[in-house]
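All figures in this text were calculated on a predicted structure; none of them were measured in a lab. Position 1 is the first residue of the sequence; numbering continues from there. Computed over heavy atoms, backbone and side chain alike; hydrogens, waters and symmetry mates excluded.
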Amino acid sequence: MWLLSTASLKLEEFKDTSQVKVRYAILSHVWQEDEKTFQHIRELQSKGVQTYEDQDVGSKIRRCINVAKSLGFEWLWIDTCCIDKTSSSELEESINSMFKWYAEADVCFAYLFDVPADCYIEAPQSEFWRSKWFTRGWTLQELIAPRQLIFMSAQWVALGTKAALADILEEITGVDAEILTFRRALQHVGVARRLSWASRRITSKVEDKAYSLMGLFDVTMPTIYGEGMKAFRRLQEEIMKRSHDYTLFAWGRTLSSVMPYSQETRRHKRDMSSRLFALSPSSFGNGTPKRARLTPIRLDAVKKIVSNCILVADLKMQVLREVTVTSYGVRCHLPVVHGKTFSIALLPCKNSAGECVGLLLWRNPDSRSDLPQYFVGASFQSVEGIDSLQGPHESTGYRLINIRPSIVEAILNFGQQSSNLSLSCASGSGNDNVTKPRKARASLEKIYIIDTLPSTFPVVHPWMHLSNSETCRILIPVWLLDYLDLFGFIILERAPASPILGESTALPCTLTLIHPRAGERITIHLGLHNQSHLCASVIIDSAVDGREGSSNASIDWSRPLYCPPDVPPQRIRDWTNGSKSFGDEHRTVRLTATRWPMDADCYHFEIRLKGTVYASLRSVRCLRPHGFAYMEEQWIFLRAASSGHSCVRLRVAPPHQDSHQPDK
């Protein structure tokens with residue numbers, strides 16, 4: 001692993017990350033033109049360049065070095081210049097180790113080159129939501145792995161951390177907030193769910209669709225650029241070797257009922273949906289959010305779930321649910337129920353409705369062995385009114401069924417003249433008649449599924465092991481000043497018991513935010529409740545008697561301020577994903593507490609402002625022309641040197657403007 005020194009232009013190699021005595025920061029970004037490579041940095045070193053101020057270093061590296069250095073890091077890793085891509089062995093090692101490197105880094109800077117510093121992140125149509133960073137394949141693991149991730153704007157101004165923005169990131173990426181905040185282990189998420197996170201992401205090379213996901217499944221494998229889509233097939237094979245999570249096979253379209261048998265109905269068509277393995281992560285998206293949330297279950301739980309329509313023979317728990325690639329097909333041990341034309345393999349997983357999911361199979365008629373060999377899926381000639389998305393002579397392939405009495409009966413009786421059901425691709429609209437069908441019988445069988453090519457992993461993220469003891473110190477980041485300035489708030493730093501920005505501060509402490517023009521004050525108190533639990537409370541009240549902001553017609557200052565309920569302070573360890581909102585729909589103060597990597601016994605606190613009033617404050621603030629020459633009239637607070645918390649109000653009039661009122 002090569003690391004850049006933040007002190008001077010120097011690349012140093014570490015054979016193992018454990019050799020890095022001082023901790024390192026890491027960069028996540030979207031590649032742009034004129035990225036500096038490993039060879040470029042080496043060439044500059046050979047020319048005697050020792051400082052990052054040299055223009056040939058590049059602004060991205062220079063700005064990132066400055067940010068890392070300001071936070072006390074001596075080393076930095078950037079993929080563009082810390083990997084010798086001319087060495088295939090080094091490139092392969094880096095790709096297989098990348099998730100680990102991001103996980104072990106103390107902090108990750110996610111540089112969003114297309115997001116301005118004053119972006120209103122909470123707005124769904126903002127530049128943050130549309131950033132290219134959220135569309136790239138490699139940035140998925142770079143979002144999930146780091147213990148502490150700070151989003152940086154195009155101007156290298158901090159926008160917030162992934163912990164504070166976890167709810168927004170879940171909406172943008174689909175990755176659960178519990179995963180982003182390490183409240184839930186990654187291995188507790190189904191394989192199909194994890195693959196669905198990458199379904200809409202793109203990579204420059206086809207192979208990287210697979211290589212960028214290896215870390216999410218604790219998989220290592222050789223990187224072979226040029227193999228194309230075979231890389232994703234190999235990834236699924238490696239996942240299959242490690243996991244009994246059968247949601248890996250639960251992709252494609254779901255058949256909810258079947259049409260009458262006719263000559264226009266095809267039992268099977270060899271197309272992309274007939275494969276057991278998917279061709280790319282996009283197969284796990286396909287506009288099916290409910291199926292993407294399939295949950296793996298125990299094999300013996302299948303018997304109970306399907307008992308309303310299928311009788312499953314006693315399952316011997318000592319039988320392993322092994323999945324093995326053989327020359328005859330993929331050997332699986334699954335409960336199987338057989339019908340006239342089709343068979344149904346019951347997958348040990350359930351959908352969001354609590355129904356078991358079945359894999360549609362039909363037996364290979366040309367098999368040269370007595371072993372049970374099957375194809376996956378079925379295709380039906382589309383007819384008018386059946387599938388408006390298909391042409392009049394096109395077929396529709398289905399792989400899965402939701403286990404319901406009417407669907408199971410129709411599938412098992414398919415081909416009989418008595419079948420009188422219709423085809424529909426709706427996943428939840430089956431209509432079970434009053435007449436109960438006779439229950440089918442299933443037993444645990446060893447089957448071979450052909451047309452396949454040659455599970456959840458035990459890796460626990462380092463920050464899943466947080467200290468059980470309460471911390472007694474907090475850290476308020478300096479860059480919070482820039483964020484609060486977007487709303488017009490300032491921090492009263494020298495107030496009694498106020499924390500020192502950018503430094504670890506002992507508890508208890510009180511953070512006071514002042515909006516001079518609006519006449520509002522936000523008081524955040526952090527301390528130990530009953531000398532045992534770290535708690536926080538927020539009060540929003542009037543800071544001054546005047547109401548200078550009342551002259552602004554775009555803000556409704558008549559709304560009541562937030563008065564906290566008469567309850568004990570909120571215990572921080574009980575906050576959902578480390579965040580808690582105080583206030584109402586008009587004024588909301590959201591606090592996020594995460595362990596700071598530079599000090600394990602310290603909470604990093606972040607503040608986000610929401611609500612109609614604060615949104616209006618931000619809108620008015622953004623309309624203000626830039627530059628002192630055009631500065632609007634405003635009130636500022638000056639702290640008296642002798643009194644840290646006393647304030648003197650001054651009226652500042654813009655220049656080049658006649659004023660008939662004396663200055664105050």
Which heavy-atom pair separates Gly160 from Trp479 by the least distance, and what is that distance?
CA-CH2, 3.9 Å
Which distance, rounded to the nearest 0.5 Å, do you find between the OG1 of Thr592 and the NE2 of His604?
9.5 Å
Smallest separation among heavy atoms of Lys162 and Leu180, with atom names
CE-O, 3.3 Å
Can you check whether Arg63 reaches Met152 side chain to side chain, under 4.5 Å on heavy atoms?
no
Gap separating the OG atom of Ser28 from the CZ atom of Arg136, nearest 0.5 angstrom
11.5 Å
Do the side chains of Trp575 and Leu591 get nearer than 4.5 Å, heavy atoms only?
yes
State which residues pass side chain to side chain contact (heavy atoms under 4.5 Å, CB included) with Ser153; sequence neighbours excluded, sorted by chain then number.
Ala117, Gln155, Val157, Leu159
Within the 4.5 Å heavy-atom criterion, are Ile95 and Trp138 side-chain neighbours or not?
yes
Looking at Arg147 and Ala105, would you say the former's side chain and the latter's main chain have a donor-acceptor pair under 3.5 Å?
yes
Heavy-atom closest pair, residues Leu617 and Ala518:
CD2-CB, 4.4 Å
Heavy-atom neighbours of Lys350 NZ exceed 12 at 6.0 Å:
no
In terms of ring plane angle, is the pair His29 and Trp31 parallel, tilted or perpendicular, where the classes change at 30° and 60°?
parallel
Would you say Thr6's side chain and Lys69's backbone share a donor-acceptor pair under 3.5 angstrom?
no
Quick one about Trp101 and Ser94 (side-chain donor to acceptor, distance below 3.5 Å, no hydrogens or angles considered), yes or no?
no
Note, Leu195 side chain near Leu213 side chain (heavy atom, < 4.5 Å)
yes
If only atom types and distance count, is the side chain of Asp114 paired as donor or acceptor with the main-chain N or O of Lys132 below 3.5 Å?
yes
Is the cationic atom of Arg608 (NZ for Lys, CZ for Arg) positioned less than 6.0 Å from the six-membered ring centroid of Tyr483 and within 45 degrees of its normal?
yes
Do the side chain of Thr161 and the main chain of Ala164 share a donor and acceptor less than 3.5 angstrom apart?
yes
Please tell me whether Arg201 and Thr139 have a donor and an acceptor in their side chains that are separated by less than 3.5 angstrom.
yes
Under the side chain to side chain contact (heavy atoms under 4.5 Å, CB included) rule, collect the residues that match up with Lys610, sequence neighbours excluded.
Glu122, Thr588, Arg590
Please report the closest heavy-atom contact between Phe605 and Ala593, naming both atoms and the distance.
CZ-CB, 3.9 Å
To the nearest 0.5 angstrom, please state how far the CZ atom of Arg618 sits from the CG atom of Asp118.
6.5 Å
Here the gap from Ser619 atom OG to Leu486 atom CG, rounded to the nearest 0.5 Å, amounts to 11.5 Å
The test is side chain to side chain contact (heavy atoms under 4.5 Å, CB included); show your working for Phe489 and Ile607 and say whether it passes.
CA-CA 12 Å; Phe489 279 95; Ile607 302 172; over 6 Å; no
Roughly how far apart are Ile78 CD1 and Tyr111 OH, rounded to 0.5 Å?
11.5 Å
Check whether any side-chain N or O of His515 sits under 3.5 Å from a backbone N or O of Phe487 as a donor-acceptor pair, and report yes or no.
yes
Less than 4.5 Å apart, any side-chain heavy atom of Thr510 and any of Ile524?
no
Hits for side chain to side chain contact (heavy atoms under 4.5 Å, CB included) against Ala210, two or more places apart or cross-chain, chain-then-number order -> Met221, Ala231, Phe232, Leu235
Which heavy atom of Ala145 sits nearest a heavy atom of Tyr102, and at what distance?
CB-CB, 3.8 Å
Flag side-chain contact, heavy atom, 4.5 Å: Pro516 against Ile490:
yes
Please examine the side chains of Glu104 and Tyr24, heavy atoms only from C-beta on, and report whether any two atoms are closer than 4.5 Å.
yes
Using modelled atom types and a 3.5 Å cut-off, is there a donor and acceptor pairing between side-chain atoms of Asp208 and backbone atoms of Ser212?
no
May I have the step-by-step check of side chain to side chain contact (heavy atoms under 4.5 Å, CB included) for Cys535 and Arg571, ending in yes or no?
CA-CA 4 Å; Cys535 298; Arg571 181 179 175 183; 4.3 Å; yes
To the closest 0.5 Å, what do you measure between CD (Glu142) and CH2 (Trp133)?
7.0 Å
Between the side chain of Asp584 and the main-chain N/O of Arg587, is any donor-acceptor distance below 3.5 Å?
yes
Can you find a heavy atom in the side chain of Ile168 that is under 4.5 Å from one in the side chain of Trp129?
yes
List the steps, then state whether side chain to side chain contact (heavy atoms under 4.5 Å, CB included) holds for Leu526 with Tyr603.
CA-CA 11 Å; Leu526 304 169; Tyr603 266 125; over 6 Å; no
For the pair Asn96 and Met214, evaluate side chain to side chain contact (heavy atoms under 4.5 Å, CB included) and give the outcome as yes or no after the intermediate values.
CA-CA 7 Å; Asn96 279 278; Met214 292 192 295; 3.7 Å; yes
I need the minimum non-hydrogen distance between Pro348 and Val302, along with the two atoms involved.
CA-CG2, 3.6 Å
Can you tell me if Ser579 and Asn577 form a side-chain donor-acceptor pair at under 3.5 Å?
no
